[in-house]
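A short write-up of the structure that comes next.
For the numbers below, each heavy atom of this structure counts, side chains included, while hydrogens, waters and symmetry mates do not. On a predicted model such as this, the values are computed, not experimentally measured, just so you know.
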Amino acid sequence: MGEPQQADTDEALEELLVFIREARGFDFTGYKRSTLGRRIHKRMTDVGTSSYADYQDLLETSADEFGALFNTILINVTSFFRDPDAWNLLQREIVPDLIAGLTSDQEIRVWSAGCSSGEEPYSLAIMLAEALGIEECLNRVKIYATDVDEEALREARSGLYPAKALEPLTPELREKYFEQNGSQFSFRADLRRRVIFGRHDITRDAPISRLDLMVCRNTLMYFNVEAQTQIVDRFHFALRKGGYLFLGKAEMLLNDAERFEVADMRQRIFQRSTDVAGLPFHPSPLKIRTGTGAELHSVARSRQLRDLALDAGPTPSITIDAEGVLVAVNSQARIQFGLSTTDLGRPFQDLEISYRPVELRSLIDQSTHERRTLRVNRVERRVGDDIQYVDILIQPLSGPNGLHIATTISFTDVTVATQLKAEVKRIREDLETAYEELQSTNEELETTNEELQSSIEELETTNEELQSTNEELETTNEELQSGNEELETMNDEMRIRTEELDEARAFLEAVLTSIAAGVVVLDSHLKVKSWNRGAIDMWGLRADEVLEQSFFDLDFGLPTDVLQPMVTKCLKSRQRSGPVGVQARSRIGRPLTCDVFCSPFDGHHGGVVLMMEESRTDAPS
């Protein structure tokens, strides 16, 4: 009973993962099931649910539970310059080599994948600013920082950290790159604008391209082998030739030596290889620092020489040695049959491809025994709901001594040709039947044939136009991506400007409120634009009752018609006048003498400022 229960549990977990992906867009299906199941079970224990189905019911009724679950799964462990030895090597050798390979006007593009709360991308900004100087860094460097955790991204965008988080930094760096903001410290604003934060799923979303440095530390270890292979493929595409990949202590690229060379194995720094016209990759300009790295480099070069032609082949191809072990698989075979470099060294009979779509083991034995090449034509293979037809070529390989050493199997996709043959056969039969029954339709068929030929030519022309349109769309997409990056930068700048304006507005309002005298601002049309606290206390009218109203139409304790000549004169002469003593009544009806001053208002399309205060006369001694 144990195995069915485990199978049911595994199926329920998969259903829960599909639900999470469809409900919130988080795809955890590529994560290692042991780690994923352990963390989800921890959250289930916290909320008191015993089955995945019950926990899915809870997620459907509680939106807050999604956030708690994601925080449990996406453990964000980071700090400034985490693993100092690795960062010291990066700053001392890798970054200078990277900069030396670019011209002084070339942009330096860096991607921090899985940036968590932002310490890593800000560490990169500090490191590059120290290497280039602040001014050049602001002009040349662009750092992309991504994560799937929106809460962590919000924290990263703020750039605010407690004093304890800055302990890994020297006092000089803290003073240079951070400013105290209350009890916390904020990253300097000009460099902050060179860091672009965004949500990105490395298992699903298109990678950022043309990178000089890619940093993804202690993230790959959470994914299974298939997901890791896809992610590394994306990283390889994202990096320019000669670009660097910086991984975490728990991660390796042992099976990708043909695409990545070891810059420093101990610190997990790799460099994308540069190939020239199919020749072996040139070695990295950096010296390999450990004995293990030197051995891997030698093995990698030998493997490149051995596998280069096979891997570049246009058709899927695999090689099995005399003991029946898979020893080589090219890129097309990995794509077509779901194989990966981790399958190398496994017995061929343990792989699905050994018996599906056709039993290959007996054919390999026959080819080896008869020492001849065998061909199996038009083998049917189901790919989802589609049917693919392949021609399989099984070729034995012999060594210098004539003994069998390996068997190469290649697969040629003949789906289109097979379908066309079947279609042509059907058409031929239909035409023969039609010819026997209706010879008189021969002329119509000839006309139809000419029309079909014309349609084919038109379709070819249309296809060329579509290809051209596709190229234009790709160019437009790149332009839109660039424009989006610029808009993000402008948005950050506008946010800072808005905060500054809000602060200035609050300051001015506080100044007006603190003035004991009544202060009234009129625009050029003599409408009330500002009515301070002193005016409210003196005359009893609230600001919302008088704003945008004509001042001389207001009915309160001050006879405003007495002031009209003074206001008119001030508007024309743009010179301060007053005081004018006016007999008035306060908001409680008490008689008083009000001294009124009138000053020109130069801001906001002109106007005047009236200051009103009760006349203070000293009694004679």
Do [X] and [Y] have side chains that get closer than 4.5 Å, going by heavy atoms?
X	Y	value
T489	E485	no
L124	L213	yes
L90	M127	yes
I409	L393	no
L363	V376	yes
I392	S410	no
T408	L397	yes
V215	W111	no

request  = Before giving the answer on side chain to side chain contact (heavy atoms under 4.5 Å, CB included), spell out for T229 and D233 the whole-Å C-alpha distance, their side-chain angles and the decisive distance to 0.1 Å.
outcome  = CA-CA 6 Å; T229 301; D233 287 343; 4.1 Å; yes
ask   = Rounded to the nearest 0.5 Å, how far does CD1 of I143 lie from CG of L191?
value = 8.0 Å
key: Rounded distance [0.5 Å steps], CG in D212 versus CD in Q106   =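 Between atom CG of D212 and atom CD of Q106 there are 8.0 Å.
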task = Kindly state each residue pair satisfying side-chain hydrogen bond (donor to acceptor under 3.5 Å, both in side chains) with at least one member in residues 374-386, sequence neighbours excluded.
result = R381-Q388
Looking at [options], which hits side chain to side chain contact (heavy atoms under 4.5 Å, CB included) with [X]?
X	options	answer
L239	R210, R109, M214	M214
V414	D391, V390, L420, V379	D391
Y244	D97, V95, L211	D97

task = Could you tell me whether R356 atom CZ has more than 12 heavy atoms of other residues or ligands within 6.0 Å of it?
result =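 No.
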Within 6.0 Å of OH in Y355, more than 12 heavy atoms from elsewhere = yes
Give me the atom names and distance for the closest heavy-atom approach of [X] to [Y].
X	Y	value
D201	T203	OD1-OG1, 2.7 Å
I94	A263	CD1-CB, 4.3 Å
L59	L16	CD1-CD1, 3.9 Å
D147	D149	OD1-N, 2.9 Å
R259	H236	CB-CD2, 3.5 Å
S367	R372	OG-O, 2.8 Å

ask   = Who pairs with Y144 by ring-ring contact (aromatic ring centres under 6.0 Å, His included), at least two apart in sequence or on another chain?
value = none
query = Can you list the residues that meet the ring-ring contact (aromatic ring centres under 6.0 Å, His included) rule with F197, with sequence neighbours excluded?
reply =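 For F197, the residues satisfying ring-ring contact (aromatic ring centres under 6.0 Å, His included) (neighbours in sequence not counted) are Y122.
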inquiry  = Check K421 with E423, please: is the shortest side-chain N to carboxylate O separation under 4.0 Å?
reply    =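 So E423 does not pair with K421 through a salt bridge.
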message = Please evaluate residues C115 and T146 with respect to the criterion side chain to side chain contact (heavy atoms under 4.5 Å, CB included), reporting the C-alpha separation (whole Å), side-chain torsions for both, the decisive distance (0.1 Å), and the verdict.
response = CA-CA 6 Å; C115 68; T146 64; 5.7 Å; no
F246/F270 under ring-ring contact (aromatic ring centres under 6.0 Å, His included): CA gap, chis, key distance, verdict = CA-CA 6 Å; F246 185 18; F270 304 87; 9.9 Å; no
ask   = Does the side-chain hydrogen bond (donor to acceptor under 3.5 Å, both in side chains) test come out yes or no for S112 and E120, once each step is laid out?
value = CA-CA 7 Å; S112 170; E120 183 175 271; 2.6 Å; yes
inquiry  = Are F260 and F235, when compared by the centres of their aromatic rings, separated by less than 6.0 Å?
reply    = no
